[in-house]
Visitor: 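Sharing a structure below in structure tokens format, with a few things to ask.
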Amino acid sequence: MFITDIRKEFYDVVVNQRVALLVSSDIDALCACKILQALFHCDQVQYTLVPVTGWQDLGTAFLEHKEQFRCFVLINCGANVDLLETLQPEEDSIFFICDTHRPVDVVNVYNDTQVKLMIKQDDDLGVPSYDDIFRDEEEEGGDDSGNESDGGSEPSGKRRRYDEGEVERRIERQRAMREWEARSDPKLLNMCVYMYVCVQAAMVIFELAWVLTKDTKDMLWWAIIGLTDQWVHDKITHMKYVTDIATLQRHVSRHNHRNEDEDNSLSIDCMRISFEYDLRLALYQHWSLFESICNSSYTSCNFKLWSMHGQKKLQEFLADMGLPLKQVKQKFNSMDMSVKENLREVIEESSNKYGMKDIRIQTFGVHFGFKNHFLASDVVHATAALLESTEKDDSPGDNFIKALDCLSRSNLERLHGGIDLAKKKLMAIQQTVASCICTNLILSQGPFLYCYLLEGTPDVKLFSKPMALTLLCQYLLKMFVYGILRCSCLSLLPLIIAAPMDVEKRTVIVLGIPPESETSDKKNFFGRAFEKAAEGTSSRTLHDHFDTSIIELKMEDRTKFLDALITLLS
Amino acid sequence: MFCEKAIEIIRELHRMGDGQLPAFNEDGIRQVLEEMKALYEQNQSDVNEAKSEGKSELIPTIKFRHCCLLRNQRCIAAYLYDRLLRIRTLRWEYGSVLPTNIRFHMCAEELEWFNQYKKSLATFMRSLGGEEGLDITQDMKPPKSLYIEVRCLKDHGEFEIDDGTIILLKKNSQHFLPRWKCEQLIRQGVLEHIMS
């Protein structure tokens, strides 16, 4: 059931109990988890935090902890599948789910006692009403028996009339039943086909903190990172991003209100969040400007940097702005002040000439101390790189802990380490995209585009992780659509990418993203498509990820799976 | 040479640095005390002689022996006092029951002193903090909060806390637990205290 008053129905319930927090491995969940942990520290709520990477992990964690805990809080997992069916909990276990994945499973919505969803109900969820799905069987039986007993006490003439009446009623009921069945199935089907994400978990928990008036700047910063994560990984539309930024901007101004006074200004070491209309270049303040332009998807797509022509255009662009090459290739912090002064406006002007209208984007930045200035997207990239680091001896649990640590302000070395890893990741993505396009690895299979990364590709280990692979997939599609295609018929196709996941077990990770367009609503139908294709060909697949459009597949079954998909989607 | 034995026992104590308690050197102390007795008797007879017969040339010898006596006294006092300080820190480290091997190293009087010290400390702790008293040997620094956040570094299995609830300590899980229950596990290296 949906929770209407998050304070009374969620927080007041858990504050007196011990809670198990099951947190999914993505950045939005990490941020929500940090905010919730801070709230629990304030109120001394004992909790246990367990990271989970997929449905199997969730099941194991639940089994291990179900003896000790009654209250489970699930962050970014559990809403889109019938939870009680999957986990089989005891009668008195309560689940509080804060999940961005939509659509929400109907059984979760209509369960009144055990499953509580921390989701606002007016989010156009399209949940069918109760009567449409669950028919109350008892009513008809009652009607029948009542009428029969009435019919029995009457004389025979009337009885016949009642009998006829009863037969009519039965026929009417059967017709209604058939109609209802015809109605309910497609509705259910429609609800499950498109998967998308909605309000980020971090925002929901931040609003809880705000309602309790326990929100701090740290919590606000984490909420901002949660939103930026959804934007960086292209999960939400631009409209939604701008709307959410406006909401957060109100909170930021509220927190910054104290700094207005000239006499009592806060020390430079205090944390300050500011609204910035900054460049869309990834990590540019921690890198050199040139590298950043080469490795950000927006700029490299527009310049077509994999070709010589593109490189020349970039040099022209830099010359047009009057930025000396030596300056631009230096670390950003070491650039001359005269160059840095109006950098954003200068770049915006020039990029308008080269067709990049949206080089600047609304975002937030944080300052603390003299040295430390980070944009939200920097932190997102760093955390994502840490969360999916493929260094040796790094189990998923270790990565989760490192990523969680880097979100605290006291662990700056961790954050800087993350930024370095993120730079390597972005460069690897750029090179892979360039090589894919140059060697024509993207093939059109009819209803979709398909790309397979061979085992020998450099840095292919990085792409065995879902978030890195998603980024690669999105860059690839953008490059392909904006860079190569002349005819528009191919440009509205979705892209499916497969990469080797585990060499010993011989599995590949397959994911699909919706077509790239300005007006796309980012709804992904590959979840159902993959399930159906797997069933149809009895391929050995593992639908373990919370995001249903990402699956693991055995290498040998790849071709038949693909063929099944082609037939399914055409 | 005089006073050499005294220096030797001090050097022996100094060699066992860092709070460890070597065995009580009964022999050494006895030798020093005998030396002191011999010196004192010699001095006595010389003083009598000097007084009765007026031999002033004995006075430097008397002075010298007196200095040796004082030096021996200072050395023994330092030795005994240093041992007492070490025994005092043992109470804070090990608690009120000392391991038997340490107890063997202490002489009877030192054991007596230790018991008295224990009693004084206990009376003091009982007098703090209202009725129950406060165990100040628990935390090295005054604690800031009742509960601390800990991270599990290795699989430890189930762990029971005061109100009977059981927690499963699995690698990489984080918990928010009462401070006093975690101290032991933190010392063992199973849990790690996280300061955010």
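Computed from a predicted structure; not experimentally measured.
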Visitor: Could you tell me the separation between the CG atom of Leu168(B) and the NZ atom of Lys66(A), rounded to the nearest 0.5 Å?
Guide: 13.5 Å
Visitor: Can you tell me how far CD1 of Ile401(A) sits from CG of Leu153(B), rounded to the nearest 0.5 angstrom?
Guide: 9.5 Å
Visitor: If you round to the nearest 0.5 Å, how far is NZ of Lys171(B) from CG of Asp398(A)?
Guide: 4.5 Å
Visitor: When you look at NZ of Lys170(B), are more than 12 heavy atoms from neighbouring residues, nucleotides or ligands closer to it than 6.0 Å?
Guide: no
Visitor: Can you tell if the side chain of Ile167(B) reaches within under 4.5 Å of the side chain of Gln68(A), non-hydrogen atoms only?
Guide: no
Visitor: Heavy-atom distances under 4.5 Å only: say whether Leu21(A) touches chain B with side chain, backbone, both or neither.
Guide: neither
Visitor: Quick check: do Glu67(A) and Ile166(B) have side-chain heavy atoms less than 4.5 Å from each other?
Guide: no
Visitor: Let me know if Asp405(A) has heavy atoms under 4.5 Å from chain B in its side chain, its backbone, both or neither.
Guide: side chain
Visitor: Could you check whether atom CD of Gln73(B) has more than 12 heavy atoms from other residues, nucleotides or ligands sitting under 6.0 Å from it?
Guide: no
Visitor: Please look at Gln37(A) and chain B and tell me whether the side chain, the backbone, both or neither of the residue comes under 4.5 angstrom of a heavy atom of that chain.
Guide: side chain
Visitor: Test Glu149(B) against Tyr47(A) for side-chain contact (heavy atoms from CB on, under 4.5 Å), laying out the working first.
Guide: CA-CA 9 Å; Glu149(B) 185 169 353; Tyr47(A) 66 87; 3.2 Å; yes
Visitor: Work out which heavy atom in Pro51(A) is nearest to a heavy atom in Asn172(B); give both atom names and the distance.
Guide: CD-O, 3.9 Å
Visitor: Tell me if the CH2 atom of Trp55(A) is crowded by more than 12 foreign heavy atoms within 6.0 Å.
Guide: yes
Visitor: Examine whether an atom of Arg409(A) lies under 4.5 Å from a heavy atom of chain B, and if so say whether it belongs to the side chain, the backbone or both; otherwise answer neither.
Guide: neither
Visitor: For Phe176(B) versus His41(A), what's the shortest heavy-atom pair and its separation?
Guide: CE1-CD2, 3.4 Å
Visitor: For atom CZ of Arg88(B), decide whether the heavy atoms of other residues, nucleotides or ligands shown that lie under 6.0 angstrom number more than 12.
Guide: no
Visitor: Hey, what do you get for OG (Ser173(B)) to NE2 (His65(A)), rounding to the nearest 0.5 Å?
Guide: 6.0 Å
Visitor: Taking atom CZ of Arg70(A) as the centre, does the number of heavy atoms from other residues, nucleotides or ligands within less than 6.0 Å exceed 12?
Guide: yes
Visitor: Counting only heavy atoms not in His193(B) (residues, nucleotides, ligands), do more than 12 fall under 6.0 Å from its NE2?
Guide: yes
Visitor: Which bit of Phe40(A) comes within less than 4.5 Å of chain B, counting heavy atoms only: side chain, backbone, both or neither?
Guide: backbone
